[in-house]
Novice: 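Attaching a single structure in structure tokens format; questions to follow.
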Amino acid sequence: MKQIVVASNMYPSEKHPTYGIFVRNQVELLRANGVDVTVLANANPDKGKVNLLRKYAGWFFRYMKYVSANRKNISVVHAHYIFPTGVLAMLSKKLWNIPYAVTAHGGDLDQMPSKSPMIRNLTAKILKNADEVIVVGEALKENALALQPIPEDRLHIISMGVDTEIFRPLPASETMGLPVTAEGPAILYVGNIIRAKGLLELADAFKEVQKNFPEAALYLIGSRKDTAFTEKLNNKIGELGLQNVHFIDPQPQAEINRWMNAADVLVLPSHIEGFGLVALEAMAAGVPVVGSEVGGLKFLLAEKRGVLFVKGDHEGLAAGIQAVLTNKETHLDKEKIQEAVQEHSFSTIAAKLLRLYKGMGSSND
């Protein structure tokens with residue numbers, strides 16, 4: 001197999017270390033398995049019309065220039081996100097007959113096509129022309145098939161996987177030093193501080209939880225770049241009179257694992273979730289998960305691998321948290337949790353991707 005080009009409209013940088021970190025993790029996984037990978041990605045998360053035009057135009061130009069110059073040495077292009085990244089992969093296939101795989105992560109399938117007929121048609125065309133289509137969760141498979149009939153042998157469910165060397169149970173001594181209150185239970189959320197993550201409902205739920213667990217603390221780890229929503233959330237926290245709510249800046253993955261080990265429960269009250277990777281990471285770390293019954297979460301947390309509640313129902317969320325805090329052993333199946341972690345472990349994901357690449361690249365080598 002020759003070179004694999006990984007293209008993505010999200011990728012970490014020194015300035016933005018968590019932006020698309022799951023793509024970088026997969027790239028490093030491939031490299032660790034001996035794959036020659038070149039990354040052509042956008043690492044700038046800034047918005048605004050002028051900035052969007054500048055950054056995407058520059059990225060498109062870099063991609064086309066590199067692939068054109070190196071096309072004879074490229075076996076496969078792997079595009080992360082159908083739109084806009086899949087446009088690049090489809091162009092390079094049309095121009096130079098380079099096969100491509102495209103991974104759908106969530107919003108590119110369950111949100112972007114509804115933005116306009118043009119995007120919907122482009123999305124369907126990218127799926128139709130892809131040599132292999134990957135979706136990170138069960139629910140996204142249904143979304144893909146609703147847009148474009150895809151032969152079963154070209155449609156694969158492969159999550160981004162969990163690094164079990166990073167996300168794992170730790171002895172209590174390794175979580176010392178974290179500002180977690182010892183007086184009461186610690187409830188943890190990890191992700192961007194945005195409306196779609198259900199954080200307004202989480203504030204309402206935490207109000208209910210504190211009636212029975214007055215010493216409980218809520219820790220929100222993630223980017224607060226959406227300043228308008230962060231202000232709205234802070235206002236709600238104030239209106240509810242909540243105490244012990246703490247905002248924490250984004251953390252490296254090893255530090256996130258420490259936080260997970262220090263927590264009593266991880267909550268993911270999302271309105272929409274393609275897979276719910278942070279829930280899987282928490283499962284690998286050994287912390288119970290309470291999540292909304294949406295997207296990939298309703299499959300990942302089913303069969304007592306976690307506790308599910310109806311999206312937007314803060315009373316259901318509060319009940320789920322309290323059930324875990326009261327007696328997590330009766331609500332979780334440890335054996336099934338470990339089976340899920342193994343199914344999505346890096347070693348399993350790497351084997352699936354290598355088989356896929358080998359089949360695609362054999363005709364192009």
Side-chain angles (χ1 to χ4, degrees), residues 8-10 20-23 25-26 80-83 85-86 102-115 119-120 123-124 127 133-148 150 155-162 167 188-202 205 222 226 229 265-284 287-314 316-317 320-321 336-337 339-341 343-344 349 352:
S8 176
N9 56 280
M10 294 178 68
I21 191 170
F22 44 88
V23 180
N25 288 344
Q26 191 170 98
H80 285 274
Y81 293 94
I82 301 173
F83 186 89
T85 315
V102 60
T103 292
H105 289 271
D108 50 344
L109 261 180
D110 51 29
Q111 290 180 301
M112 286 301 294
S114 63
K115 299 272 186 189
I119 293 177
R120 182 181 178 86
T123 300
L127 292 172
V133 175
I134 301 168
V135 292
V136 297
E138 291 276 356
L140 291 176
K141 180 178 179 179
E142 300 168 9
N143 293 124
L145 291 172
L147 271 174
Q148 175 64 44
I150 303 168
L155 181 57
H156 314 272
I157 301 172
I158 305 176
S159 75
M160 297 304 288
V162 58
F167 292 97
L188 179 66
Y189 164 83
V190 179
N192 290 327
I193 308 300
I194 56 176
R195 182 184 293 273
K197 292 297 185 178
L199 299 181
L200 296 177
E201 294 91 333
L202 178 55
D226 188 338
F229 176 75
V265 58
L266 179 125
V267 291
L268 193 56
S270 307
H271 297 167
I272 188 168
E273 199 71 59
F275 176 70
L277 184 57
V278 70
L280 178 65
E281 291 166 347
M283 291 160 67
V287 63
V289 179
V290 176
S292 48
E293 197 171 0
V294 298
L297 285 176
K298 66 184 177 185
F299 297 96
L300 181 62
L301 301 181
E303 299 181 311
K304 298 181 73 172
R305 288 185 288 267
V307 176
L308 289 162
F309 71 96
V310 176
K311 175 188 75 175
D313 178 11
H314 76 271
L317 172 55
I321 293 170
K336 287 186 177 179
I337 289 172
E339 287 174 358
V341 170
E343 179 188 351
H344 297 283
I349 299 303
K352 290 180 178 180

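Keep in mind the model is a prediction, meaning the values are calculated, not measured. Just so you know, residue 1 is the first one in the sequence shown, and it goes up from there.
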Novice: Give every residue pair that meets the salt bridge (charged side-chain N to carboxylate O under 4.0 Å, His left out) criterion with at least one member in residues 289-303, sequence neighbours excluded.
Specialist: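 Of all non-adjacent pairs touching residues 289-303, those that pass salt bridge (charged side-chain N to carboxylate O under 4.0 Å, His left out) are Glu303-Arg305.
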
Novice: My understanding is that only residues two or more places apart in sequence, or in another chain, count here; which of them pass side chain to side chain donor-acceptor pair (under 3.5 Å) with Asp110?
Specialist: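 For Asp110 there are no side chain to side chain donor-acceptor pair (under 3.5 Å) partners, ignoring immediate neighbours.
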
Novice: Between Ile150 and Ala144, what is the shortest heavy-atom contact and its length?
Specialist: CD1-CB, 4.2 Å

Novice: Mind checking ring pair (Phe, Tyr, Trp, His ring centres under 6.0 Å) for Phe83 and listing every partner two or more places apart, or none if nothing turns up?
Specialist: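 In terms of ring pair (Phe, Tyr, Trp, His ring centres under 6.0 Å), with neighbours along the sequence ignored, Phe83 is linked to no residue.
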
Novice: Test of understanding: with side chain to side chain donor-acceptor pair (under 3.5 Å), list the residues that count as partners of Ser292, not counting sequence neighbours.
Specialist: none

Novice: Output the distance between atom CD1 (Ile82) and atom CG (Asn9), rounded to the nearest 0.5 Å.
Specialist: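 Rounded to the nearest 0.5 Å, the CD1-CG separation comes to 11.0 Å.
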
Novice: Within a strict 4.5 Å, meaning less than it, do heavy atoms of the Thr85 and Val102 side chains meet?
Specialist: no

Novice: How long is the gap from CD on Gln26 to OG on Ser159, to the nearest 0.5 Å?
Specialist: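 With rounding to 0.5 Å, CD (Gln26) is 8.5 Å from OG (Ser159).
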
Novice: Applying side-chain contact (heavy atoms from CB on, under 4.5 Å) to Phe22 and Val136, what does each step give before you reach the verdict?
Specialist: CA-CA 12 Å; Phe22 44 88; Val136 297; over 6 Å; no

Novice: So which atom in Ser270 and which in Val294 form the shortest heavy-atom distance, rounded to 0.1 Å?
Specialist: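 Looking at all heavy atoms of both residues, the shortest contact is O-CG2, 3.7 Å.
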
Novice: How about Leu300 and Met283: do any of their side-chain heavy atoms sit closer than 4.5 Å?
Specialist: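 Yes, their side chains come closer than 4.5 Å.
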
Novice: Calculate, to the nearest 0.5 Å, the distance between atoms CE and CD1 belonging to Met160 and Ile134 respectively.
Specialist: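 Separation between the atoms: 9.0 Å.
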
Novice: Testing the basics here: between Leu202 and Pro269, what is the closest heavy-atom pair and its distance to 0.1 Å?
Specialist: CB-CG, 4.2 Å

Novice: Where do Gly276 and Leu297 come nearest, in terms of heavy atoms and distance?
Specialist: CA-CD2, 4.0 Å

Novice: Got a sec, which residues hit side-chain contact (heavy atoms from CB on, under 4.5 Å) with Ser8, two or more places apart in sequence or on another chain?
Specialist: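 For Ser8, the residues satisfying side-chain contact (heavy atoms from CB on, under 4.5 Å) (neighbours in sequence not counted) are Met10, Val23, Ala41, His80, Tyr81.
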
Novice: Find out whether Leu280 and Phe275 are in side-chain contact, i.e. whether some heavy atom of one side chain is under 4.5 Å from a heavy atom of the other.
Specialist: yes

Novice: Applying salt bridge (charged side-chain N to carboxylate O under 4.0 Å, His left out), which residue pairs with at least one partner in residues 269-282 are found, sequence neighbours left out?
Specialist: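 Applying salt bridge (charged side-chain N to carboxylate O under 4.0 Å, His left out) to every pair that reaches into residues 269-282, excluding sequence neighbours, yields Lys197-Glu273.
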
Novice: Using the side-chain contact (heavy atoms from CB on, under 4.5 Å) rule, take Leu268 and Val278 through it: C-alpha gap first, then chi angles, then the decisive distance, then the call.
Specialist: CA-CA 8 Å; Leu268 193 56; Val278 70; 3.6 Å; yes

Novice: Under the rule for ring pair (Phe, Tyr, Trp, His ring centres under 6.0 Å), what residues qualify as partners of Phe167, not counting sequence neighbours?
Specialist: none

Novice: Going through the distances and angles, do Asp226 and Ile193 end up as a side-chain contact (heavy atoms from CB on, under 4.5 Å)?
Specialist: CA-CA 7 Å; Asp226 188 338; Ile193 308 300; over 6 Å; no

Novice: If you round to the nearest 0.5 Å, how far is NE2 of His344 from CG of Leu277?
Specialist: 10.0 Å

Novice: Asp108: what forms a side chain to side chain donor-acceptor pair (under 3.5 Å) with it, not counting sequence neighbours?
Specialist: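 Per chain and number, Asp108 pairs via side chain to side chain donor-acceptor pair (under 3.5 Å) with no residue.
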
Novice: Locate the shortest heavy-atom distance separating Met112 from Ile119; write the atom from each residue and the value.
Specialist: O-CG2, 3.3 Å

Novice: Under the side-chain contact (heavy atoms from CB on, under 4.5 Å) test, which residues partner Lys141, sequence neighbours left out?
Specialist: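 Listed in chain order: Val135, Leu145, Leu155, Ile157.
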
Novice: Quick check: closest heavy atoms across Ala284 and Val162, and the distance to 0.1 Å?
Specialist: CB-CG2, 4.0 Å

Novice: Please enumerate all residues that pass side chain to side chain donor-acceptor pair (under 3.5 Å) together with Thr123, with sequence neighbours excluded.
Specialist: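 By the side chain to side chain donor-acceptor pair (under 3.5 Å) rule, Thr123 matches no residue at all.
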
Novice: Hey, could you give me the CZ/CG distance between Phe299 and Leu140, rounded to the nearest 0.5 Å?
Specialist: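 Going from CZ on Phe299 over to CG on Leu140, the span is 9.5 Å.
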
Novice: State which residues pass side-chain contact (heavy atoms from CB on, under 4.5 Å) with Gln111; sequence neighbours excluded, sorted by chain then number.
Specialist: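 For Gln111 the side-chain contact (heavy atoms from CB on, under 4.5 Å) partners, ignoring immediate neighbours, are Ile272.
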
